[in-house]
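Both ligands and their constituent atoms are indexed starting at 1 by order of listing. As a basis for the values below, the full set of heavy atoms in this structure was taken, side chains included, without hydrogen atoms, waters or symmetry mates.
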Amino acid sequence: MAIQTVSTAPFSDQKPGTSGLRKQVTVFQKPNYLENFVQAIFDSLDSYQGQTLVVGGDGRFYNRQAIQIILKMAAANGFGKALVGQGGIFSTPAVSCIIRKYSAFGGIVLSASHNPGGPDGDFGIKYNTGNGGPAPEKVTNAIFERSKVIDEYQILDAEDVNLDRIGTTTLGNMTVEVLDAVNDYAALMETLFDFEQIRQLLTSGSFSMCMDSLHAVTGPYAKAIFEGLLGAPQGTVQNGEPLEDFGGGHPDPNLVYAHDLVKVMFGANAPSFGAASDGDGDRNMIVGSNFFVTPSDSLAVLAANATLVPGYRSGIAGVARSMPTSQAVDRVAEKLGIDCYETPTGWKFFGNLLDADKATLCGEESFGTGSNHVREKDGLWAVLFWLNVLAVKGQSVEDIVKEHWATYGRNYYSRHDFEGVDKTVANGLMDGLRAQLPTLKGKTLGSYTVDYADDFSYTDPIDNSVSQKQGIRIGFTDGSRIVFRLSGTGTQGATLRLYVESYESDAAKHDIDTQEALGELIQIADQVAKIKELTGFDKPTVIT
Ligand code: VG1
Ligand code: CO
């Protein structure tokens, strides 16, 4: 088996976005495209010779081929060992768990998360560091710089590895160990949650649950944990077979794309509890009987109830949320007397806070919640957390959330996505907003007065790195906010995200329809940014 050095020419478009490099499958299939990026990753790392690399993906189309290439390149570049999930499968939180458990040097995650898959869909790749978390910007910038000048890569000329058989083989001088994809992750969950109490709830006969894996990676994890370890009836997990194209759907757990779950949970005789997760298993959607829990509220409820759960019994050190996430969790932190951090969008910004034990729970409005148990957001962890809280409190999802609002007040919150906007138009819209920023403060817009208007900039409190232009915020004197940003995970055109939030302390006003409660702010956002006029969209593509 010989190491081959292959000449190549750089691609100019390998800049990682919010979460790694995401492109259409057809782009990744171009000769040398994947190889260049993988070599750029390795070239940006120091001292990994003889060390361990974790490799796994969400099972989407091109996953297996990509893993074979990465393994042969890792062997040629001098890694000592690779840990791979059986069938090439690992959920994103499972990769994080495995990196940490086996003290690996780092890992490569293959996924485009919530983006559709299949030959005409998307593919993605990202590098995670030794703490198990997505590489920070310092590293992703170095990878991008390297990708712009790369002229050769190294790959082993060898047979493909059998990814389906658990056990150890060799590839040149590198050992390849194929691991059961679920076991280590499930074992970690058992250390955090009261499985016995959850089992009693799920087998009591008075509680029912529906988990929708959207034909994506959590199927085998959810079946093993809920139907296996926790005794829930067969069929609790729906759409539980991971498919290379996710059955043609968007593996995105929201009210639009998780339509099968929505039908069950908002239909007659709805189960007590419903949940869904995304392509790579790091997102979660929580629903009660006829009741949707916003991810921002979910984070706040988990923080408020953390000590009911064994893994967090002794309290949480702090919380962190991405900037566009609602401020519901801030109120919980205030009451608990702990710090609340506000970071840019993307899980990579939570890593330092988690490592330094400044934050224990983190969350994003985009259906991502997690804790210091790994360094990724974790869909099934959030589902188990909710089940554990439900088992202890013996209340319905709706009662828990309404009680939470009565205690802390309600942050009405919604995100409007405008998908497939022309890139130039979207950039023009953001530039137009930026140009207005200096003049907005003190202005009256409808019944609101602008308190501040800026382009969010974040200084990491641990390493002092600065990230600028992370979203335009317009805050009003009563605490309401509108936020605009462009997505960094899409692969075609641009997606404009509008985030709208207002606060209501009066419990008598907690039952208003969200779009109605935010109606005036939504109108103001459209006027200020000229969304309809510039994009030609008369309504958002997705409202959550
Ligand atoms: C979106 C979400 C962001 C999330 C990211 C990755 O990014 O808004 O909160 O961290 O996806 O999620 P953007 O740039 O499109 O808004 V996932 O599940 O890829 O890993
Ligand atoms: Co994801």
Checklist entry - Listed by chain and number, what are the side chain to side chain donor-acceptor pair (under 3.5 Å) partners of Thr535, not counting sequence neighbours? => result none

Next on the checklist: Any nitrogen or oxygen of Gly490 lying under 3.5 Å from a nitrogen or oxygen in ligand 1? Just yes or no.
Outcome noted: no

Next on the checklist: Using 30° and 60° as the class boundaries, would you call the ring planes of Tyr62 and Phe123 parallel, tilted or perpendicular?
Outcome noted: perpendicular

Checklist outcome for this item: Smallest heavy-atom separation, Trp347 atom then Thr369 atom, equals CH2-C, 3.8 Å

Next on the checklist: Strictly distance-based, threshold 3.5 Å: is any side-chain N or O of Glu501 a donor or acceptor partner for the main-chain N or O of Gln327?
Outcome noted: yes

Checklist outcome for this item: The atoms of ligand 1 lying under 4.0 Å from a heavy atom of Arg497, numbered in the order shown, are 8 (O), 13 (P), 15 (O), 16 (O)

Checklist entry - Centre of Phe144's six-membered ring, under 6.0 Å away, within 45 degrees of the axis: is that where NZ or CZ of Lys148 sits? => result yes

Checklist entry - Near the Co ion (ligand 2), which protein N/O/S atoms are found at less than 2.8 Å? => result Ser113 OG, Asp278 OD2, Asp280 OD1, Asp282 OD1

Checklist entry - Which protein non-hydrogen atom lies closest to atom 9 (O) of ligand 1, naming both residue and atom, and how far is it? => result Ser366 OG, 2.6 Å

Checklist entry - Is it the side chain, the backbone, both or neither of Lys126 that has a heavy atom closer than 4.0 Å to ligand 1? => result neither

Checklist entry - For the residue pair Phe418 and Phe537, does the interplanar ring angle fall in the parallel (under 30°), tilted (30 to 60°) or perpendicular (over 60°) class? => result perpendicular

Checklist outcome for this item: For Thr18, the atoms of ligand 1 under 4.0 Å from one of its heavy atoms are 5 (C), 7 (O), 13 (P), 14 (O)

Checklist entry - At a 4.0 Å threshold, what atoms of ligand 1 neighbour a non-hydrogen atom of Gly346? => result 10 (O)

Checklist entry - What protein heavy atom sits nearest atom 6 (C) of ligand 1, and how far off is it? => result Lys377 NZ, 3.6 Å

Next on the checklist: For Arg22, run the side-chain contact (heavy atoms from CB on, under 4.5 Å) check against Asp122, Ile125, Thr489, Val27 and tell me which one passes.
Outcome noted: Thr489

Checklist outcome for this item: Here the atoms of ligand 1 under 4.0 Å from any heavy atom belonging to His114 are 11 (O), 17 (V), 19 (O)

Next on the checklist: So if I count the atoms of ligand 1 from 1 in the order they appear, which ones are less than 4.0 Å from some heavy atom of Gly488?
Outcome noted: 13 (P), 14 (O), 15 (O)

Checklist entry - Between Glu227 (side chain) and Thr236 (backbone), is there a donor-acceptor pair under 3.5 Å? => result yes

Checklist outcome for this item: Among Arg415, Arg22, Glu364, closest by heavy atom to atom 8 (O) of ligand 1 is Arg415

Checklist entry - Using 4.0 Å as the upper bound for N to carboxylate O, is an ion pair formed by Lys15 and Asp13? => result no

Next on the checklist: Against the six-membered ring of Tyr503, is Arg331 placed for a cation-pi contact (under 6.0 Å from the centre, within 45° of the normal)?
Outcome noted: yes

Checklist outcome for this item: atom 11 (O) of ligand 1 has as its nearest protein heavy atom Arg283 NH2, 2.9 Å

Residues 522-532 side chain polar contacts: donor-acceptor under 3.5 Å, at least two apart:
{"unit_1": "Asp526", "atom_1": "OD1", "unit_2": "Ile531", "atom_2": "N", "d": "3.3"}
{"unit_1": "Asp526", "atom_1": "OD1", "unit_2": "Lys532", "atom_2": "N", "d": "2.9"}

Checklist entry - Which residue pairs pass the salt bridge (Lys or Arg N to Asp or Glu O under 4.0 Å) test with at least one member in residues 340-351, sequence neighbours excluded? => result Arg321-Glu342, Glu342-Arg473, Glu342-Arg481

Checklist entry - Among Thr345, Asp278, Asp282, which residue places a heavy atom closest to atom 3 (C) of ligand 1? => result Thr345

Checklist entry - In terms of residue, atom name and distance, what is the protein heavy atom nearest to atom 18 (O) of ligand 1? => result Ser113 OG, 2.5 Å

Next on the checklist: Can you classify the ring geometry of Tyr312 versus Phe193 as parallel (below 30°), tilted (30 to 60°) or perpendicular (above 60°)?
Outcome noted: tilted

Checklist outcome for this item: The closest protein heavy-atom partner of atom 7 (O) of ligand 1 is Thr489 CG2, 3.4 Å

Item to check | Non-hydrogen atom of Ser322 closer than 4.0 Å to ligand 1 | outcome: no

